[in-house]
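These notes concern the structure reproduced below.
We're numbering straight along the sequence, starting at 1.
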Amino acid sequence: MTFGFASSPAASLSTSAASASRVLEPAEWAAAGIPLLRNPREVVSGLHARHHPRPSTAVVAVLDPDERLCASASFTRRAALADGWMFRNALLSQLRRVIPHDLRRRTPVRTAVLLYCREGDARWTEEDGAWMWGLRDACTLHGLRCGAYITLTHDGWQVLGEGRGGRRPHAHSAPEPFATADAPPPVPRTGGPVSEVLRRAAAR
């Protein structure tokens, strides 16, 4: 025999209201003083090349004050509803896995940004608002500055609240190669006195 609880209309209404409060509107996000990325195209291209996101994939990344990547992680959205609290927990779990917190600092030094690949166009959705709420809360709990929220759709990428974006990469584009900083090290040169000594030692 199975026992369960039937949710009342009042309980459903309160759950819906609570979920709605865990969503940030574009105006609220713009008024929150989110720091602007100096080179959003470089950040987006780097994360896209590293994680190869497809629709329903979130990529959270931590940048140092010079916008160099400290750590990043990607995961697939599994929540049935667009709920900021659930998104916050998912982001916080990934941050704790890849980088120590900065809660002992008086002011945050590192910044977390979120790239979310989804279907649809670049216009704001309630799901975006839930991710924004989740990112802001996760940053507070991990001692980070809350940074940009970027969507990746079939139209391209868009930094919400800033109006900056581009056509590539997009949700279905192939990843571009890493920058020269990620290129393999050069082949060591041969010849010279050291090489001659090593050659003789190996011949013995």
Side-chain angles (χ1 to χ4, degrees), residues 19 22-24 26 29 34-35 37 39-64 67-99 101 110-142 144-179 181-182:
S19 297
R22 294 191 287 262
V23 171
L24 289 179
W29 183 256
I34 306 299
L37 288 170
N39 194 337
R41 184 183 301 278
E42 185 176 301
V43 172
V44 172
S45 297
L47 294 178
H48 185 266
R50 187 176 296 272
H51 292 278
H52 309 175
R54 286 292 177 259
S56 297
T57 302
V59 181
V60 61
V62 180
L63 309 177
D64 71 7
E67 269 187 25
R68 290 190 297 259
L69 183 65
C70 299
S72 63
S74 61
F75 60 98
T76 303
R77 175 194 188 280
R78 301 189 185 280
L81 299 174
D83 184 274
W85 183 78
M86 298 175 74
F87 291 168
R88 184 277 307 272
N89 290 345
L91 291 169
L92 195 56
S93 173
Q94 297 296 325
L95 288 170
R96 287 170 173 165
R97 186 173 63 84
V98 298
I99 199 163
H101 67 74
R110 297 181 292 190
T111 303
V113 300
L114 179 60
L115 171 72
Y116 182 55
C117 183
R118 61 168 173 78
E119 300 288 0
D121 56 33
R123 287 176 294 183
W124 181 90
T125 65
E126 189 172 311
E127 181 184 24
D128 294 325
W131 278 117
M132 290 170 166
W133 190 97
L135 176 63
R136 186 185 65 176
D137 218 42
C139 288
T140 299
L141 295 174
H142 207 65
L144 302 170
R145 286 201 308 172
C146 180
Y149 173 69
I150 307 158
T151 58
L152 195 67
T153 66
H154 69 271
D155 291 334
W157 58 273
Q158 175 84 12
V159 185
L160 265 69
E162 294 185 22
R164 293 191 291 174
R167 293 184 178 179
R168 293 189 65 85
H170 55 76
H172 301 285
S173 62
E176 297 177 359
F178 281 123
D182 295 309

Problem - Parallel, tilted or perpendicular, as decided by the 30° and 60° cut-offs, for the rings of Y149 and W29 - result: perpendicular
Problem - Min side-chain heavy-atom separation V113-L135 under 4.5 Å - result: no
Fill in the blank from the handout: Between A112 and C139, the two heavy atoms sitting closest are CB-SG, 3.5 Å
Handout entry: Heavy-atom side-chain contact between S74 and P53 under 4.5 Å
Key = no
Handout entry: Interatomic distance, Y116 atom OH to T125 atom OG1 [nearest 0.5 angstrom]
Key = 8.0 Å
Practice task
Before giving the answer on side-chain contact (heavy atoms from CB on, under 4.5 Å), spell out for H142 and H101 the whole-Å C-alpha distance, their side-chain angles and the decisive distance to 0.1 Å.
Solution key: CA-CA 5 Å; H142 207 65; H101 67 74; 3.6 Å; yes
Practice task
Taking all heavy atoms of L37 and all of A148, pick out the closest pair and write down the distance.
Solution key: CD1-CB, 3.8 Å
Completion exercise
salt bridge (Lys or Arg N to Asp or Glu O under 4.0 Å) filter on R167, not counting sequence neighbours, yields none
Handout entry: Rounded distance (nearest 0.5 Å) linking atom CZ of R54 with atom CG of L152
Key = 9.0 Å
Handout entry: Point-to-point distance, once rounded to the nearest 0.5 Å, from CZ of R88 to CG of L95
Key = 12.0 Å
Problem - Interatomic spacing from CG in D121 to CD in Q158 - rounded to 0.5 Å - result: 10.0 Å
Practice task
Please confirm whether the backbone N or O of H170 pairs with a side-chain atom of S173, one donor and one acceptor, at under 3.5 Å?
Solution key: yes
Completion exercise
Scanning both residues in full, the closest heavy-atom pair of W124 with L24 reads CZ2-O, 3.3 Å
Practice task
Might you point out which heavy atoms bring L92 and A138 nearest each other, and give the distance in Å?
Solution key: CD1-O, 3.7 Å
Practice task
Look at atom CH2 of W85 and say whether more than 12 heavy atoms of other residues, nucleotides or ligands are closer to it than 6.0 Å.
Solution key: no
Fill in the blank from the handout: Here the gap from D83 atom CG to E127 atom CD, rounded to the nearest 0.5 Å, amounts to 11.5 Å
Problem - For R118, all residues meeting salt bridge (Lys or Arg N to Asp or Glu O under 4.0 Å), sequence neighbours excluded - result: D128
Practice task
Would you name the heavy atoms of C70 and I99 that are closest together and state the gap between them?
Solution key: CB-CD1, 3.8 Å
Exercise for the section: Report yes if the side chains of R110 and L63 come closer than 4.5 Å at any heavy-atom pair, otherwise no. Expected result: no
Practice task
Check side chain to side chain donor-acceptor pair (under 3.5 Å) between R41 and all other residues, then give those that pass, not counting sequence neighbours.
Solution key: none
Completion exercise
d(E119 CD, S56 OG) to nearest 0.5 Å is 7.5 Å
Practice task
Could you check if a side-chain atom of P55 sits within less than 4.5 angstrom of a side-chain atom of H172, using non-hydrogen atoms only?
Solution key: yes
Handout entry: Check: H51/T57 side-chain N/O donor and acceptor closer than 3.5 Å
Key = no
Practice task
Would you indicate whether the side-chain heavy atoms of P35 and R145 approach each other to under 4.5 Å?
Solution key: yes
Practice task
Check whether any side-chain heavy atom of L47 lies under 4.5 Å from a side-chain heavy atom of L69, and answer yes or no.
Solution key: yes
Problem - Side chain proximity check, V62 to S72, heavy atoms < 4.5 angstrom - result: no
Handout entry: Stepwise side-chain contact (heavy atoms from CB on, under 4.5 Å) check, H48 with W157
Key = CA-CA 10 Å; H48 185 266; W157 58 273; over 6 Å; no
Practice task
Would you indicate whether the side-chain heavy atoms of T151 and L160 approach each other to under 4.5 Å?
Solution key: yes
Problem - Trace of the side-chain contact (heavy atoms from CB on, under 4.5 Å) decision for L114 with L91 - result: CA-CA 9 Å; L114 179 60; L91 291 169; 3.8 Å; yes
Fill in the blank from the handout: Note: A122 and T153 closest approach over all heavy atoms is N-OG1, 4.1 Å
